[in-house]
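Side-chain atoms are counted along with the backbone in the values below, which use heavy atoms only and exclude waters and symmetry mates.
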Amino acid sequence: MKLHLVAALAVLSSTPALADMRVSIPFAAEIGGKAFSCSESYAGLGSTGAEVKAVDFRLFVSNAALVRKDGTLQPITLDQDGQWQTGSTALIDFEDASGGCTNGTKALNTTLRGTVPAGEYQGLSFTVGVPFEINHGDPTLAPAPLNTTAMFWNWQGGYKFVRIDMVPTDRKEDGPKGWFLHLGSTQCDAASKTESPKACKNGNRIDVQLDSFRPDGSTVVIDPAPVVAGADLRVNAPETSPGCMAFPKDPDCMTVMTKLGLPYMDVAAGSQALVSLR
């Protein structure tokens with residue numbers, strides 16, 4: 001009898017929990033509704049209808065959760081794959097180092113993977129950004145994907161939560177060589193750029209909730225075209241970073257940050273237009 005009981009307990013202990021449900025959330029990159037490629041050009045962007053090539057397209061997402069029917073959130077336990085996902089944070093990487101994406105890597109990651117308790121869900125929630133507690137430090141000592149130095153500013157500012165680099169193909173001779181959308185925390189209270197801050201005045205993390213998301217058929221779409229609709233991608237404000245990098249007092253950010261759902265200077269936050277659902 002004891003042998004039968006021990007054998008039964010051994011089988012139970014080695015069986016995966018039947019209450020867990022696999023979750024695989026696809027992400028797609030588009031520019032103006034057209035699928036992103038490192039080799040393609042995209043016309044009609046910004047306030048002057050500029051044509052651009054995109055040469056980088058990456059973002060961090062964190063704290064992903066499915067929404068139950070009663071509106072409560074069920075956090076997704078991410079697979080700890082040693083490459084794209086660590087803790088509750090993942091790097092979504094659409095570039096493949098081809099064409100103009102010379103600053104990138106060949107590997108792609110367009111899916112968020114993990115588990116939730118089995119149940120019925122009708123929405124998706126996540127944050128575009130890296131949590132404060134792991135946002136500031138030495139990326140060379142951090143686990144993947146936080147060791148991706150191309151997505152890092154410095155210890156004080158932390159990571160670039162969004163990096164979408166566009167190069168106007170029809171720019172003026174004296175125009176900027178690139179128009180970059182980089183989002184990260186700013187005005188971080190640290191003694192120097194090589195020290196971790198105690199806090200940041202502008203966290204600049206985008207909270208996203210997609211109420212009609214279906215785990216069995218929806219795709220999360222990232223498209224910067226609506227975000228830069230009011231910006232002239234052929235010019236850059238003097239003595240500022242190219243494009244909008246979220247730093248204060250940059251005229252190129254005035255019409256952009258509000259469309260990321262974030263306040264900027266004296267401009268109130270609007271509805272975020274970077275992330276949608278298909």
Visitor: Under the disulfide (SG to SG under 2.5 Å) definition, can you give me all pairs with a residue in residues 111-145, not counting sequence neighbours?
Guide: none
Visitor: Check the side chains of D211 and Q209 for a donor-acceptor pair under 3.5 angstrom, ignoring hydrogens and angles.
Guide: yes
Visitor: Check whether any side-chain N or O of W155 sits under 3.5 Å from a backbone N or O of G137 as a donor-acceptor pair, and report yes or no.
Guide: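 Checking the backbone N and O of G137 against the side chain of W155, a donor-acceptor pair under 3.5 Å is found.
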Visitor: Quick check: closest heavy atoms across A269 and P263, and the distance to 0.1 Å?
Guide: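 In terms of heavy atoms, the two residues are closest at CB-N, 3.5 Å.
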Visitor: May I ask you to check whether F60 and F161 place their ring centres under 6.0 Å from each other?
Guide: no
Visitor: Parallel under 30°, tilted from 30 to 60°, perpendicular over 60°: which one fits the rings of F57 and F36?
Guide: tilted
Visitor: Which pairs of donor and acceptor atoms, one on a side chain in residues 91-101, lie under 3.5 Å apart (sequence neighbours left out)?
Guide:
{"unit_1": "D93", "atom_1": "OD1", "unit_2": "E95", "atom_2": "N", "d": "3.1"}
{"unit_1": "E95", "atom_1": "OE1", "unit_2": "A97", "atom_2": "N", "d": "3.1"}
{"unit_1": "E95", "atom_1": "OE1", "unit_2": "T105", "atom_2": "N", "d": "3.0"}
{"unit_1": "E95", "atom_1": "OE2", "unit_2": "T105", "atom_2": "N", "d": "3.3"}
{"unit_1": "D96", "atom_1": "OD1", "unit_2": "S98", "atom_2": "N", "d": "3.1"}
{"unit_1": "D96", "atom_1": "OD1", "unit_2": "S98", "atom_2": "OG", "d": "2.5"}
{"unit_1": "D96", "atom_1": "OD2", "unit_2": "S98", "atom_2": "OG", "d": "3.4"}

Visitor: Hydrogens and angles aside, do D232 and S47 bring a side-chain donor and acceptor to less than 3.5 Å of each other?
Guide: no
Visitor: Can you give me the closest heavy-atom contact between P215 and L66, atom names plus distance?
Guide: CG-CD1, 4.2 Å
Visitor: Keeping to residues at least two apart or across chains, list the ring-ring contact (aromatic ring centres under 6.0 Å, His included) pairs with something in residues 248-278.
Guide: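 Sorted pair list comes back empty.
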Visitor: Any donor and acceptor pair, going by atom type alone, linking the side chain of T258 with main-chain N or O of T255 inside 3.5 Å?
Guide: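 Side chain of T258 to backbone of T255, a donor-acceptor pair under 3.5 Å: no, none is there.
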Visitor: Which pairs pass disulfide (SG to SG under 2.5 Å) with one or both residues in residues 228-278, sequence neighbours excluded?
Guide: C244-C253
Visitor: State whether a side-chain donor-acceptor pair under 3.5 Å links N63 with T127.
Guide: no
Visitor: Can you name the side chain to side chain donor-acceptor pair (under 3.5 Å) partners of K34, sequence neighbours left out?
Guide: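 E40.
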Visitor: Should I25 and I222 be regarded as members of a common hydrophobic cluster, given that ILVMFWY residues are connected when their side-chain heavy atoms come within less than 4.5 Å of each other, either directly or indirectly?
Guide: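 Both belong to a single hydrophobic cluster.
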Visitor: Please collect all salt bridge (charged side-chain N to carboxylate O under 4.0 Å, His left out) contacts where either partner lies in residues 151-164, sequence neighbours excluded, each pair once.
Guide: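 Passing the test, one end in residues 151-164: D56-R163, R163-D165.
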Visitor: Output every pair passing ring-ring contact (aromatic ring centres under 6.0 Å, His included) with a member in residues 205-248, not counting sequence neighbours, ordered by first then second residue.
Guide: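 Matches after skipping sequence neighbours: W153-F247.
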Visitor: Compare every heavy atom of N236 with every heavy atom of S241, then report the nearest pair and how far apart it is.
Guide: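 That would be O-OD1, 3.1 Å.
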Visitor: Do S185 and N204 have side-chain atoms, one donor and one acceptor, less than 3.5 Å apart?
Guide: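 Their side chains do not contain a donor-acceptor pair, so the 3.5 Å distance test is not met.
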Visitor: Should V267 and I206 be regarded as members of a common hydrophobic cluster, given that ILVMFWY residues are connected when their side-chain heavy atoms come within less than 4.5 Å of each other, either directly or indirectly?
Guide: yes
Visitor: Between CG of D207 and CZ of F126, what distance do you get to the nearest 0.5 Å?
Guide: 10.0 Å
Visitor: Under the side chain to side chain contact (heavy atoms under 4.5 Å, CB included) test against R58, which residue among V162, T148, I164 passes?
Guide: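 When side chain to side chain contact (heavy atoms under 4.5 Å, CB included) is applied between R58 and each of V162, T148, I164, only T148 qualifies.
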Visitor: Taking only residues at least two apart or on different chains, which pairs with a member in residues 265-278 satisfy side chain to side chain donor-acceptor pair (under 3.5 Å)?
Guide: E30-R278
Visitor: For A50 versus R234, what's the shortest heavy-atom pair and its separation?
Guide: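 So the two residues come closest at CA-NH2, 3.5 Å.
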Visitor: Is the backbone N or O of T89 less than 3.5 Å from a side-chain atom of S62, with the two atoms forming a donor-acceptor pair by type?
Guide: no
Visitor: In the single-linkage hydrophobic clustering (I, L, V, M, F, W, Y; side-chain heavy atoms under 4.5 Å), do L277 and V275 co-cluster?
Guide: yes
Visitor: Given 3.5 Å as the limit, does a donor-acceptor pair link the side chain of Y42 with the main chain of G32, or not?
Guide: no
Visitor: Any salt bridge (charged side-chain N to carboxylate O under 4.0 Å, His left out) involving residues 114-131? Give me the pairs, sequence neighbours left out, ordered by first then second residue.
Guide: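 For residues 114-131, and leaving out neighbouring residues, the salt bridge (charged side-chain N to carboxylate O under 4.0 Å, His left out) pairs sorted by first residue read K69-E120.
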Visitor: Tell me the salt bridge (charged side-chain N to carboxylate O under 4.0 Å, His left out) pairs involving residues 77-86, sequence neighbours left out?
Guide: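 Residue pairs passing salt bridge (charged side-chain N to carboxylate O under 4.0 Å, His left out), neighbours aside: R22-D79, D81-R113.
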Visitor: Any salt bridge (charged side-chain N to carboxylate O under 4.0 Å, His left out) involving residues 254-264? Give me the pairs, sequence neighbours left out, ordered by first then second residue.
Guide: none
Visitor: Taking the side chain as everything from C-beta on, heavy atoms only, tell me whether V167 gets closer than 4.5 Å to T169.
Guide: no
Visitor: So do the side chains of T110 and P26 get within less than 4.5 Å of each other, counting heavy atoms only?
Guide: no
Visitor: Do any pairs count as a disulfide (SG to SG under 2.5 Å) and have a residue in residues 196-238, sequence neighbours left out, and if so which ones?
Guide: C188-C200
Visitor: If we count only N and O atoms by modelled type, under 3.5 Å, do the side chains of D20 and T115 hold a donor and an acceptor together?
Guide: no
Visitor: Just how far is it from atom CG of N202 to atom CZ of R205, taken to the nearest 0.5 Å?
Guide: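 The distance works out to 11.0 Å.
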Visitor: Is there a side-chain contact between T186 and P248 in this structure, where contact means two heavy atoms from C-beta onward sitting under 4.5 Å apart?
Guide: yes
Visitor: What closest approach, in Å, do A64 and L112 show between heavy atoms, and which atom pair accounts for it?
Guide: CB-CD2, 3.5 Å
Visitor: Less than 4.0 angstrom from a charged side-chain N to a carboxylate O is my criterion; do R68 and D70 meet it?
Guide: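 Answer for the salt bridge query: no.
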